[in-house]
Structure formats: C-alpha cells, structure tokens
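First the proteins, then the strands, lettered A, B, ... as listed; each starts at 1.
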Amino acid sequence: MKNNFKTVNHSVRKIDGLGLATGEELFTDDYDIRDCAVIKLMPSPYAYAEITDIDESEALKMEGVIDVLSYKNVERIMHTTAGQSYPEPAPYDCAIFDNTVRFVGDKVLAVIAEDEKTALKAIKKIKVKYNILEPALDYEKSEDRETSRVHTEKDAIQIIPIKFQPEKNIASEVNAVVGDVEKGYKESDEVMEDTFYTQYAHHCMMEPSSTKGYIDGRGRLVLITSTQVPFHTRRIVSHATKIPVSKIRVIKPRIGGGFGNKQEALLEPIVAFAVWKHRIPIKLILKRDEVFVFSRTRHPFRIKYKVGFNKNGEIKAIHLDALQNTGAFGTHALTVVSCVGSKILPLLNKIPNMLFTGKAVYTNLPAGGAYRGYGATQGYFAYTQMIDVICEKCGIDQAEYYKKWHIKTGETSEIFKALGEGKPGHIFKIDSCELTQCIDKGAEAIDWKSKKAKYSFKNKKNKNERYIKGIGMGCFMQGSSVPYIDMASVYIKMNDDGSFNLNLGATDLGTGSDTVLSQIAAEVLETSINNILVISSDTDVTPFDVGAYASSTTYLSGLAVKDCAEKIKKIIKKHAAKKLAVKEEDIDLFEGNAFIKGSKDSCSYGEICTSAMHIDEMEQIQATSSRVSKSSPPPFSAHFAEIVIDTLTGNIKVEKYVTATDCGVCINPKLAEGQVEGALVNGLSYALIEDYSFSKKGNMMNNGFGKYKIYTAADLPEIITIMAENSYENTGPYGAKSVAEVCINGPIPVIANAFYNATGKRLHKAPFKPEYILEILGE
Amino acid sequence: MKEIFNINGKNKKIELRPDSTLLEALRDNGFTEVKNGCEEGQCGACLVLVDDVSVNSCQILAMSVKDQTIVTSKGLGDQHKPSIIQEAYVDAGAVQCGFCTPGFVISTYSLLKKNPNPTEEEIKSALDGNLCRCTGYIKIIDAVKLAAKRMNGGEDNEK
C-alpha cells in the first residue's frame, strides 16, 4: 500500500483540543461584546393561527426595551433557511416574521431589550390576538382534502423546477426509476411489502443555537454565529434582510456540535435585521427548551418497501416509498427524501429494477432539517430488515448475502445517475470498497454465526425465559460530498520562519476538520503540523466552501488543501533551486528543508521564504485552490448487535455492538474512530429512547433533557470499533473518503434484526421503547 | 451589586444580581469556560468545584456559595500549564466539539480524587451526569483511564 505517511494517518492531537479542554477556546456566547442587547422570541401557543393584532405599546414603554419586531415592521421577504448552495432545492416558504404561526413554538415576534429579564417581562406585556386555525398534525393525512393547508400564502415559491405543491401540502416530491419494477415482480418467486415508521428526534448538540451581531468600525455587520455554513448564511441573510453581501461578515468561532442542526440560517436573519436597524450589538441564544422545538429536528418518516425476489435470494425488483413529515417548513425536505433512495439503493447494486418514490408533506409541527444520516438513517430501518427477511425466507446467512450482493470496487449503480439533489445525479464508479472485509471482521469480533444459531427463536427450548438474547447485523453506506454541487476552496501563504497560514472556507463544527486538513497540508509540504496555522470559516478572510455537511469536508476540502499545498510546494522548489543553483527537479523537500538530491546541501523553509520576501524575488509565496467534487465515494460499514430483551418489562439492552467501517485511509485514526463511535451512540440513543411526545394540540411535552433523555456513559454497551485496512480511495486526498454519517444508520435496523432473531417478531416503529416491545411480544 | 468571590485561587470582585445563579455570575464575569448547555442541571456542561465538590452551577444561587472556594476547568489548568486530566482528554481523542469537555474535566477530577483507580463501571457511573453528543463517550472513558494511569505515575506510551 501507498502508506508511508508522516503526518497523515497518524492520530495527531486535535489542534484546538487543549484550549477546549481548559475552556480557553471561545464559542459564540463566550465573545465579550460590551453592552450586548438580547433578543427573546415569543413562541406561538398554537399549532396553527393567523395573527390578527399585536399590541406592543405597554412593552415599548418599559425601561430597557429597545424594540419589538414582528411582521408589522419587518419587511416580508420569502426565503429558505436551508444552508445549501444556490439555487437551493428547498422552497422559499418562510419570512423573518410572518402573520401566520405554523407550529407551537413558532416565532410570533421578537423583543429586543437591554437584558434577558427585561425582555422576558416585556413579552408578557404584549397582547397578541389570533385567529386560531385547525392544525394539520397527522402527516399521513396531510394530503387529505379535509386537512388544513399549512402554506396558503401566495408568495411561497420554489426557485428551481421541482415539484412544490402547497395546495396539496406537498413541500417536495421526487421519483427515480431504473428498469421496470412491475416486470421484475412478475419474474419473482415471491413479492412482499411492509411499512415502517421513524420518529422525531433532536440533534442535542451541546451548544444551543447561538448568534451575536454588531456593527464594526466601518459600518459593516459582523455576525459571530454557531453555524455549519458561514458562506450560505451570509448569502441567505443578505437575501432575507436586503443588507448587501459586501456589508456582511460571518465569523464561525468554535462550534459546540451541529450534526446538521446548524446547516441552517435560522437565527442569523433575525439578529442581522435587528443589529442593522439599531446599530447596537445584539445576541440571540436559544434556551434548551427552544432548541428542541424552534431549531430543526430529524424528519419523521413512513417508509414502505415492495420487493420481488427469487428462492435463491436474488432481488428482481424493489420499490422504496418514503413519506416525510417535513413539519411547518420545507427546509431540506427534498434532499433528505432523496437520500432515502440515493444513499441506500446503490448498496445492492445488481437489482435490475428499482423504483424510488419520495414525498415531503407539511404539517403544523416542528420543522425537520439536516441531521447526520440525512434520510438514509430512516430508510435503512425498512431496507435492512427487508434484507433480513429475504435471508430468513431463503435460508441464506445475512453476512454471506451482503458479501455476495454488495456493490464492489469498479462497479457503479444506476441510482447515482437517476437520483441527484433536485436534478439528475452523476454516474461514477466505486473506487474503494472493503465492505467484505468489514463484514468478515465484524462477524468474527462478535462470533456471528454461532451466536445467531444459538440465540435464534427457532432453537429456543424454554419459551418462558424472562431474558432472551438475540443477534442482528446489517450493512450501510453513505456518500462523501454531493457531486458537481459541492465546492471547497483554500488559500495558503508562507511565513518568514517557514510556517504556513492555511485559510479554509471549511467549517470545523467540532469534528476536527481544522486538524485533519492541517495534517493534509503538512503532509504535502513536508513540514510539521505545528507549522500549519489554520484559520477557517470567516467570510472576510477565508475563501468559499459550502460548509460542513454531506460528509464532504475531509474528502472535498481535503482535496482543495492538497491541491493548494502542492502549488506551494512547487513554488518552494523553484525558489530553492535558484538559491542552491540547481534545477527544480533536483530539489527534494524534507522536514522543512530543501535539499539537493543525493547531497547534504540544503536551505531551510525559513531561509527560502525570507529571501523570497525580502532579498531575491520580493514576492509572497502563496497559492489558492478550489475544487468541486466529481464523485461521492461511499464509506461502508458493517454492524452487528447482541441484545437482551427483558420480556417482563419490555426493556431492550444492547450488550455488545461491533462496527467495522471502511472510510478509506483515516487521515487521523483517533478522530475517525471518534466519528464512528459518536454516530453509533447517537444512533443507539435514537433507536431505543429518543422521541418527541406531543399533546393533542401539537405541543411538544418533553422539550428538556429531564424528559427527553439521551444516552450517557452509563448506558453504553460494550462497543468494538474496527476500521478497515488497506482501503485507499484514489479520488480522495491521501486515500480518504468520509466517515461522519454512515454509522448512525445502523442501530435501528440492526437492533430490530436482533429482536427478530430472539423472538421471531418484526419491529415496525422506532423508538423501541418498553411499552412498544411489550405490545409486540404480546401479539 | 459587587461581591468578592474566591475563584480559581484568587479573590475576585464579581458583578451580579442577588438572584444570579452561579453559572450566570461566572459567565457574566468572564469565566466563560463554564458552559451553559441546558440550565436544568441535566447536562453537566456548567460543572464547577465548590469547596472541592462538583456542582452544576446553573442549579445554585451564586450568593449561596459566596464564602466557599470555586474552581472551574481553567482553574485546574490552562494551556500554559494544563492539568494531567486535560492533557489526557486531548491525547485520548476525547475532545470533539469541546463544549462539554470542561464539565467532564471537573467530573473526572472529582472521581479521581475519591477513587484514583476506578473501574470502567465506576467511570461510567461517575460520568452519568455529563452529556456529550460527539464522542459516544468511549474516548472519554479512555481519557479518564489515561489520566488515572498518569496520576498514579504509570508509564504512558499512548501519546
């Protein structure tokens, strides 16, 4: 293997790790901006209502109240909050403030006050009159004639030619066809169908949604904001507020997690409008209860499959149908639906006939958005159990089945082309796939075959045992960036002492991308990572990057860094050749020095840069690079879970969970494992305990960590993390592809398969809470 | 109003209201290493040591601990002179977004003070009051083990 790296593929310390551990690194709300006013949002008490009157006169009389913003005094400009490339494949279905509120917790108005307590008092003094409307709360009935339409405003539009039918409560619709499924069903020995449901869930990033803004010394608006998408945010803020792009600077400081939640310009337009109007520093930091309801969520889905297969397990046709509850706004509606097909159907790429139908419907419930896994997580619940059923019916071992049928290196899938993001996708070949290795290693680590036989309900003698064990498995893929849509760019300059400034548009939201991208630069430039000085995500300073989403940063931003560093390397060689009086091709770079090949004659990077700047050429050694992704190499992962079911209480305990993941070369193995483990545990928590509970009127009843529990260290099973060896993605930087999302897809279906192994029963609704398990066991 | 508090070994004049929580009082006076994750005592991001006992600072009034010593994560160590625990978190890959980390550092300090050789189960149970969404806790548990080993003078080859 091409694997004698010096910095890449080493677990170097995260460059911001120590400052984060001590608390010296700054998050949005840590920036000390004097006399910063605060915004508090008034939440809608109703799921659906028209605001007929707002009387803010009493509030405005209060000392310390600066303004009340509402549809009455904020210009109505339709936009989407989805932080995606322009033109966004999401409907422009919201304004900063609207005269209609569409879910309990939607913003009615904003109070700007000198401090939080005053703002909260002021909110109580504002009288709002509503015309209460019948809400649409059941997404399966959203299209029914009797159901209220969530968006009846005339100015909501979709700016690209995709289906947007608010008159039917449809935010988006997408179809993709390969072959002819009806023909495939006819050729099949058996055809079966089933339906599955996934729930609302929240990202629960530890830092709440936060934005601060002020006017700088030159009259420009500066937004310090917890965002995954600084450049999209600048563009969307400009559109929604009419503040010119040239007057806006977006700075992303340290981010306390995002997982998709912050791929959204949600708070920024409000803060921008307020600061621009009043010319004072203002912040908007959501409280945790607001984060649950007002910020974005994971879309609930109904997923149906209809599959035709032969007795030997060969699938002749599959129809995957996804119905998404997008909530009150269609942000990420289409693209999340699309990923149910595009990130799942290529996995078993030899199926000749495939149909994907997806639809996103509006309801008067909290809006969905981007969330790690992005639709694939919901879709795999159905798909992975479908494979399990086929294997059980045909008497084939699941691990062997996946090994036979999964997409292999050099192969492609028609789905890559049939299903893009709001337009057809792009065909590409799989350059690296070590899924078979992952399956073998995972199976061995958990002792798959013997446990499967031992735990199987078919072999259980004592039917009345309280605790029963089960084992399940499944295989998953995701992507790395969106081809021909995602772009990343980089600027590098060299300093007198041989260090380099690496200015990245890319957005580190806690994943460690600043570190990983520095490693790539250091590798190319033959220097220590300590000589790479990173600044990322400041729209005034760094070049454009789409931001942190679609598992794109290591792959795509990494390519841009590698490209840019190679340009710098060339320039260094040119200068060194001149200084050492040899040809460029006779120069070798090693550990911060330029050598004449085969000799000890050398000069240091510091000398080269100093003479370039001050003595000889009098030029800055610098370069820029931008890259667009041309493929989206999937990472692959094989998952195995061993569970214990308490048949008395209905509690499912995961005892052991094994993941084996192929993400190409791990640029930083420890950080890559951290992505796998973080996604896995988030997925376990989602599978077993996380859900939104709503009142009959659409009010979320558990919007706090006291009632919306997430996994803690005490909940962990034994976890084994295996990273595939010898995987090298030639299209990626130093063999890397993505790793961040793929592992969140596993827990729901793998636990469900283990449940089947133990009981012979199928689970159709996540999460698998005790009351549901008891219901299923009682059937 | 202004009151003197002993924070990180120094007496410091703090501007606060009578009803300020300790979290508000600390953050408003520049101790931003203490994070506000939920304000309901559930996430552990705001943990500090009050007379060497770890406390969710969002759950107590600042004035109620006015005469006690308060230590934040930065009080245990800074970049110039980091604590063994903070170094262990970085070396173990236990820091991702880092918003929860100062709270975890405080919990780890409390645990290792009482129990210098915790078992894995004891570590998991001691960290039960801290939420992290990035790491899946596995590297955090590794960090606690590594810190314990280093504090006990054990060899360290994991760097």
Side-chain angles (χ1 to χ4, degrees), chain A residues 11 13-14 16-27 29-32 117 203-208 254-259 285 287-289 291 509-512 668-671 673-682 684-685 704-706 709-716 719 721, chain B residues 17 19 27 30-45 72-74 76-79 82-83 85-105 121 123-141 159:
Chain A
S11 293
R13 284 161 60 113
K14 196 161 170 287
D16 50 355
L18 197 55
L20 288 164
T22 61
E24 289 159 285
E25 284 275 10
L26 299 180
F27 295 81
D29 199 24
D30 300 339
Y31 279 79
D32 186 15
K117 285 212 159 38
H203 313 69
C204 298
M205 64 291 177
M206 294 316 298
E207 181 203 22
R254 292 295 97 193
I255 300 295
F259 317 108
I285 316 285
K287 299 287 179 186
R288 185 56 64 177
D289 59 338
V291 173
L509 62 151
T511 50
N668 185 314
K670 223 168 240 181
L671 291 179
E673 285 170 20
Q675 287 298 312
V676 167
E677 291 159 0
L680 169 65
V681 173
N682 189 341
L684 288 169
S685 187
F705 286 136
K709 292 286 182 192
I710 66 172
Y711 258 40
T712 75
D715 298 311
L716 294 188
I719 288 173
T721 306
Chain B
R17 301 182 315 271
D19 64 346
R27 286 192 58 82
F31 296 93
T32 54
E33 66 273 26
V34 186
K35 303 299 181 194
N36 181 349
C38 72
E39 283 179 288
E40 52 174 334
Q42 295 285 341
C43 78
T72 70
S73 174
K74 210 169 138 191
L76 295 179
D78 57 20
Q79 291 186 80
S83 70
I85 294 170
Q86 289 158 337
E87 290 269 21
Y89 267 73
V90 183
D91 289 334
V95 182
Q96 280 192 35
C97 85
F99 194 83
C100 70
T101 314
F104 271 96
V105 166
E121 286 313 306
I123 294 170
K124 285 180 175 178
S125 143
L127 300 178
D128 194 28
N130 292 79
L131 298 181
C132 165
R133 196 63 143 176
C134 293
T135 62
Y137 305 102
I138 296 155
K139 302 271 183 278
I140 291 178
I141 294 164
K159 229 174 180 178

Enquirer: Looking at B/Gln96, is its backbone amide N or carbonyl O close enough to the side chain of B/Thr135 to form a donor-acceptor pair, meaning the two atoms are under 3.5 Å apart?
Expert: no
Enquirer: Output the option from A/Ile255, A/Ile719, A/Thr511, A/Ile710 having the highest count of non-hydrogen pairs under 4.5 Å with chain B.
Expert: A/Ile710
Enquirer: If the plane angle is over 60° it's perpendicular, under 30° parallel, otherwise tilted; pick one for B/Phe104 and B/Tyr137.
Expert: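 Rings of B/Phe104 and B/Tyr137: tilted, 30 to 60°.
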Enquirer: Can a salt bridge be assigned to the pair B/Glu40 and A/Lys287 using a cut-off of 4.0 Å between side-chain N and carboxylate O?
Expert: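 So B/Glu40 does not pair with A/Lys287 through a salt bridge.
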Enquirer: Using a cut-off of under 4.5 Å on heavy-atom pairs, state which of A/Arg254, A/Arg288, A/Glu24 scores highest against chain B.
Expert: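 So the answer, after comparing A/Arg254, A/Arg288, A/Glu24, is A/Glu24.
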Enquirer: I'd like to know if A/Asp715 pairs up with B/Lys124 as an ion pair, taking the criterion as any Lys NZ or Arg NE/NH1/NH2 lying under 4.0 Å from an Asp or Glu carboxylate oxygen.
Expert: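 So A/Asp715 does not pair with B/Lys124 through a salt bridge.
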Enquirer: Is A/Glu25 close to chain B through its backbone or its side chain, or both, or neither, when contacts mean heavy atoms under 4.5 Å?
Expert: backbone
Enquirer: Output the option from B/Val105, B/Leu127, B/Asp78, B/Leu131 having the highest count of non-hydrogen pairs under 4.5 Å with chain A.
Expert: B/Leu131
Enquirer: Which bit of A/Asp32 comes within less than 4.5 Å of chain B, counting heavy atoms only: side chain, backbone, both or neither?
Expert: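 Interface part for A/Asp32: neither.
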Enquirer: Contact part of B/Pro82 toward chain A, heavy-atom cut-off under 4.5 Å: side chain, backbone, both or neither?
Expert: side chain
Enquirer: Are side-chain heavy atoms of A/Ile285 and B/Asn36 found at a separation under 4.5 Å?
Expert: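 They are not in contact (no side-chain heavy atoms under 4.5 Å apart), so the answer is no.
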Enquirer: Select, from A/Ala679, A/Gly258, A/Gly674, the one with the greatest count of heavy-atom pairs under 4.5 Å involving chain B.
Expert: A/Gly674
Enquirer: Do A/Thr712 and B/Asp128 meet the criterion of a side-chain donor-acceptor pair at a distance under 3.5 Å?
Expert: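 Side-chain D/A pair, A/Thr712 to B/Asp128: present.
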Enquirer: Could you check whether any side-chain heavy atom of A/Phe27 comes within less than 4.5 Å of a side-chain heavy atom of A/Leu20, counting everything from C-beta outward?
Expert: yes
Enquirer: For chain B, which of A/Asp289, A/Leu671, A/Asp29 has the most heavy-atom pairs under 4.5 Å?
Expert: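 Going by pairs under 4.5 Å, I would pick A/Asp29.
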Enquirer: Measuring only between side-chain heavy atoms, which start at C-beta, is B/Ile140 closer than 4.5 Å to B/Cys132?
Expert: yes
Enquirer: What part of A/Leu26 gets within 4.5 angstrom of chain B, counting heavy atoms only: side chain, backbone, both, or neither?
Expert: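 Just its side chain gets close to chain B.
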Enquirer: Ignoring hydrogens and geometry beyond distance, is a side-chain donor-acceptor pair present between A/Thr721 and A/Glu673 at under 3.5 Å?
Expert: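 Not at all, the side chains of A/Thr721 and A/Glu673 share no donor-acceptor pair under 3.5 Å.
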Enquirer: Name the region of A/Leu680, side chain, backbone, both or neither, that has any atom closer than 4.5 Å to a heavy atom of chain B.
Expert: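 The answer is neither part of A/Leu680.
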Enquirer: Any idea which heavy atoms bring B/Val34 and B/Arg27 closest together, and the distance?
Expert: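 Closest pair (atom of B/Val34, atom of B/Arg27, distance): O-NH1, 2.9 Å.
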Enquirer: Which one, B/Glu121, B/Glu33, B/Gln42, leads in non-hydrogen pairs under 4.5 Å with chain A?
Expert: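 It is B/Gln42.
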Enquirer: Go through the atoms of B/Gln86 and report whether side chain, backbone, both or neither lie under 4.5 Å from a heavy atom of chain A.
Expert: both
Enquirer: Looking at B/Cys100, B/Gly93, B/Ala92, B/Ala126, which has the largest count of heavy-atom pairs under 4.5 Å with chain A?
Expert: B/Ala92
Enquirer: Heavy-atom distances under 4.5 Å only: say whether B/Ile141 touches chain A with side chain, backbone, both or neither.
Expert: side chain
Enquirer: Does any heavy atom of chain B fall under 4.5 Å from the side chain of A/Ser685, the backbone, both, or neither of them?
Expert: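 For A/Ser685, the contact with chain B is made by the side chain alone.
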Enquirer: Please flag which part of B/Lys35 lies under 4.5 Å from any non-hydrogen atom of chain A: side chain, backbone, both or neither.
Expert: side chain
